[in-house]
There are 2 protein chains.
Amino acid sequence: MSLNRNVSSIASLISDPSRAAILLHLLDGRCHPAGDLAAAAGITPQTASFHLAKMAELGIVTVEKHGRHRYYRIAKASDAEMIEQLLSFAGPVPVISLRQSDQMKKLRHARMCYDHLAGEAAVRIAESLQRAGHLQKDGLQLHVTASGERFFADLGLDLPQLRKKRRAFSRCCLDWTEREHHLAGALGQGLTELMFAMDWFRREEQSRAVRITQEGMQGMAERFGIQLD
Amino acid sequence: MSLNRNVSSIASLISDPSRAAILLHLLDGRCHPAGDLAAAAGITPQTASFHLAKMAELGIVTVEKHGRHRYYRIAKASDAEMIEQLLSFAGPVPVISLRQSDQMKKLRHARMCYDHLAGEAAVRIAESLQRAGHLQKDGLQLHVTASGERFFADLGLDLPQLRKKRRAFSRCCLDWTEREHHLAGALGQGLTELMFAMDWFRREEQSRAVRITQEGMQGMAERFGIQLD
DNA sequence: TCCACATTTCGATGATAATAGAAACGTCCA
DNA sequence: TGGACGTTTCTATTATCATCGAAATGTGGA
């Protein structure tokens, strides 16, 4: 239940390190049980529960009960993008350890931004689609052109179905590692889903990072004209 | 002195209502004495001083001593834009009351975003420049085309000089009232300065709002092909 | 030289909120 | 049916921090 979501209340949500850690963990778009989030933030389950209740009250997260677990996830894609943007404000994250920089490298390469792809791969895809004239930027919208309609249909996407969803159809999302836009909205989600179905990408366990498969490399080259290494 | 600017510290800066009020007041890009900022936030000078010291330590604001006054301003344009963006997170600006406050209407129409123009007028200008082929969007950059070079030179802007500045030359800035991009960077600042010099716009006292003059109307129509009312 | 004024520093206070212990609740499993 | 487990609620503790009064600093003007 979204209450009084003014600037201060949103900011104070993220200003607490424990909550920031929880939100960061939830940014992978997956559902997470409360206990996992507590562990991720390094706090007791009670405290995590306290924070999650506060977030739920603001409508940032939603709960799903399954057995004795309660699975939390970020409620709206737009909020996930908001948090992503806040990350970009923090500036270049200082590298602490080699292990961390390795993980960071992976994240920069390809990761989930809630329900759609982000990172270098996603930015390159968005660029390619615009260069080919399939998408056209208009403010924060990304219009699908006539050639784009054919392209996505050919790829196997049901655009009329995606348009029906009660959310923005096709829009830009600022990538905090690349500092460029990638594709978000129903189309971004649908395309990401499709690419996973085609096994172009595979999710890593316990992480937002995404791995590109051999099929993915090939497909990206053939379909989008992108050479990733 | 930019110290450890992580997400939490940035967010906690804005999470406090008093600090938020101060920052909002500083968003006009002008210098403000500490006392004014205290009054604007409704706190005592001591408390304002406390907050300002904290912001200065994070490198968000800088001080300039003039006589017995200390003038504060936002240190970097990029930080001002960050705060502008945080405002847009407050949600799809809900209609607060039937009669929108007069001030709000003015702000939506035209206002300062730190050192460049924002609001409907600014978005329309940016659109116009792209439509005419003077600017070309590329990610978050706005490239000046060959025709753009001529256009701006003709207008009276010294582009080589603007390029020399140690900041982004020409880039997009998200307008939180229009939810579209307007022109920022050295070019946005230079163009705004020029338009003020030509008396197209005039600043309102004690506000970020900007008034368009008769000359401005005429100039906008002739130069940019924009009809503002 | 003295006073007014803008601002900061110091010190104290009071409110807020993050935290974890204890206990309760509900679910799964043996 | 009983116990383990994940989670929440309740409660107390603790630390933090925004705030302001008092005093200090520094500047300008008379």
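Note that the structure is a prediction, hence the values are computed from the model and not measured. In the text below, chain A, chain B and the rest are named by the order of the sequence lines, each starting its count at 1.
- Checking D:dA18, D:dG21, D:dG6 against every side-chain atom of B:Q46, the shortest atom distance belongs to D:dG21.
- With hydrogens and angles ignored, the 3.5 Å screen pairs a side-chain donor or acceptor of A:R203 with a backbone N or O of A:D28.
- For B:T47, a side-chain nitrogen or oxygen approaches OP1 or OP2 of D:dC20 to under 4.0 Å.
- Nearest nucleotide to the side chain of A:R68, out of D:dT19, D:dA4, D:dT9: D:dA4.
- Between A:S18 and B:Y72, the one whose closest nucleotide on DNA chain C sits nearer the 5' end is B:Y72.
- Within the 4.0 angstrom heavy-atom criterion, only backbone atoms of the sugar-phosphate kind lie near B:K54; the bases stay farther away.
- Looking only at distances, a side-chain donor or acceptor of B:T192 sits under 3.5 Å from a matching main-chain atom of B:L117.
- Between B:H182 and B:H116, the two ring planes are tilted [angle within 30° to 60°].
- Put simply, A:H69 has a side-chain N or O that comes within less than 4.0 Å of OP1 or OP2 on D:dT7.
- Put simply, the side chain of A:F169 reaches to within 4.5 Å of the side chain of A:L159, judged on heavy atoms.
- The nearest whole Å value for the distance from the CG atom in A:L52 to the C1' atom in D:dT9 is 14 Å.
- Atom pair B:H66:NE2 and D:dG28:P shows a separation of 11 Å (rounding to whole Å applied).
- Counting 5' to 3', DNA chain C first comes under 4.0 angstrom of a heavy atom of chain A and last does so at the ends given by C:dA18 to C:dC28.
- Distance CD1/A:I22 to OG/A:S18: 6.5 Å, rounded to 0.5 Å.
- Distance CZ/B:R30 to OH/B:Y71: 12.5 Å, rounded to 0.5 Å.
- In terms of position on DNA chain C, the residue among A:D16 and B:A48 whose nearest nucleotide sits closer to the 5' end is B:A48.
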